[in-house]
Number of protein chains: 2
Amino acid sequence: MYNTGREAAVAALWSEPCLAAMVRRLHRVVVGRYDEALRRHGLTVAQLDLLMTLLTADRALRSVELAGALQMDRSTLSRNLARLRRRGLVTGGDRPGAAAAVTPAGRQMAEDAAEAWLRAQRATAEMLGADGVAALDLLARRVTTPDEEG
Amino acid sequence: MYNTGREAAVAALWSEPCLAAMVRRLHRVVVGRYDEALRRHGLTVAQLDLLMTLLTADRALRSVELAGALQMDRSTLSRNLARLRRRGLVTGGDRPGAAAAVTPAGRQMAEDAAEAWLRAQRATAEMLGADGVAALDLLARRVTTPDEEG
DNA sequence: CGACCTGTGTTGTACATACAACAATGCTAG
DNA sequence: CTAGCATTGTTGTATGTACAACACAGGTCG
């Protein structure tokens, strides 16, 4: 008999829940909550994440390092950074070798959004449950590439 | 002393890892893997998910039901569906009350992609580990709204 | 029968994301 | 000092996502 691979794969596709589908659903639900909470502060959770990554880094980061830290594509980071730059929330990072930095205005924006962020953080933790938060921690570690810097 | 809320929130923002940031990172890494595996078959994992949701549903679904099942916005589903419709992979779902259905071509596309999907599924399971997969299962359940149909 | 309302799908706009291709920078070798 | 070259940032294009606002049924009530 001629088969195997394909038919087994088709059977699995029909019967096994797709891990990516689970991740996408989780993403829509969780990110949606944060974005809703942050909306009136004029930030998305993606933008806040970028700002906080820069603010809490132990040194100034170039674009490529920031992209590596966040495990996102250079081009994605370039556009995210450009949006914040246009609004005066970050400077630099727009030339090879130039580090990016959060401006005082950017820091102010982040701090002004802290309360809304914390409400979303708490509400989400409650939705997920303590074991859910632990599960997410585990997954985040599993997908995080150890940064190779010294 | 005057404070509390705001300063505590700012302190938390600086010290607590953001759950949404973890979810976003997980999303980028996992979905990226599936999309890469599926690319040469002309499908994204989002599209495959949509097709399989329709194919495995126990009855024909209208757009609003499909959006509910996937917990995504009506407008998002409308565009995703429109892309597949333009390629002849689904029909219907374009008028209030009209159910959407996968065409034979759409089904063929999904089945042709099954092996690539399964490779990504297995590789991802290995990356996450058995406990990671269980963790993701738990999270998916926690964010899934029980559909209220009867 | 016709005028509303309600629910459903689409469209305008904006953001997040990635791949491919391009541009700009800086280093290195000659 | 200049010509390559590798690295890094941007841009073109496409998808996925959501909110607001609009368009389009279908049902109800007068």
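Every chain is numbered from 1 and lettered A, B, ... according to where its sequence line falls, protein lines coming before strand lines. A quick note: this is a predicted structure, and the numbers were derived from the prediction, not measured.
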Quick check for you: to the nearest 0.5 Å, what is the distance between [X] atom [atom1] and [Y] atom [atom2]?
X        : Y        : atom1 : atom2 : value
A:Glu16  : B:Leu118 : CD    : CG    : 6.5 Å
A:Leu136 : B:Leu139 : CG    : CG    : 6.0 Å
A:Met22  : B:Thr124 : CE    : OG1   : 11.0 Å
B:Thr76  : B:Arg79  : OG1   : CZ    : 8.0 Å

Tell me which residues in [range] put a heavy atom below 4.0 Å from DNA chain C, sorted by number, or none.
range                     : result
residues 80-96 of chain B : B:Arg85, B:Gly93, B:Asp94, B:Arg95, B:Pro96
residues 16-35 of chain B : B:Arg24, B:Arg28
residues 43-50 of chain A : A:Thr44, A:Ala46, A:Gln47

5'-most contact on DNA chain D (nearest-nucleotide basis), B:Ser75 vs A:Ser75, goes to A:Ser75

Report yes if at least one side-chain N or O of B:Arg79 is closer than 4.0 Å to OP1 or OP2 of D:dT17; otherwise report no.
no

Can you find a side chain N or O atom of A:Thr76 that sits less than 4.0 Å from OP1 or OP2 on C:dT17?
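It does not, given that no N or O in the side chain of A:Thr76 lies less than 4.0 Å from OP1 or OP2 of C:dT17.
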
Can we say [X] and [Y] salt-bridge, meaning some charged N sits less than 4.0 Å from an Asp/Glu carboxylate O?
X        : Y        : value
B:Glu36  : B:Arg119 : no
A:Arg122 : A:Glu126 : no
B:Asp137 : B:Arg142 : no

Could you state the [atom1]-[atom2] distance from [X] to [N], rounded to the nearest angstrom?
X       : N      : atom1 : atom2 : value
A:Leu66 : D:dG9  : CG    : P     : 10 Å
A:Leu61 : D:dG9  : CG    : P     : 11 Å
B:Arg62 : D:dA25 : CZ    : P     : 15 Å
A:Met72 : C:dA16 : CE    : C1'   : 8 Å
B:Leu77 : C:dT10 : CG    : C1'   : 12 Å
A:Leu51 : C:dA16 : CG    : P     : 11 Å
A:Arg74 : C:dA16 : CZ    : C1'   : 18 Å
A:Arg39 : D:dT17 : CZ    : C1'   : 12 Å

Scan side-chain atoms only and decide if B:Arg28 and A:Gln71 contain a donor-acceptor pair under the 3.5 Å cut-off.
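On atom types as modelled, these side chains do not qualify, holding no pair under 3.5 Å.
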
A:Asn80 (side chain) donor-acceptor with A:Ala46 (main chain) under 3.5 angstrom
no

Is it the case that the side chain of A:Gln121 and the backbone of B:Pro17 share a donor-acceptor pair, with hydrogens and angles ignored and the cut-off at 3.5 Å?
yes

Check the pair B:Glu111 / A:Glu7 against side-chain contact (heavy atoms from CB on, under 4.5 Å), numbers first and verdict last.
CA-CA 9 Å; B:Glu111 293 187 349; A:Glu7 291 176 21; over 6 Å; no

Touch check for A:Ser63, heavy atoms < 4.0 angstrom, all strands: base, sugar-phosphate only, or nothing?
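The residue A:Ser63 makes sugar-phosphate contact but no base contact.
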
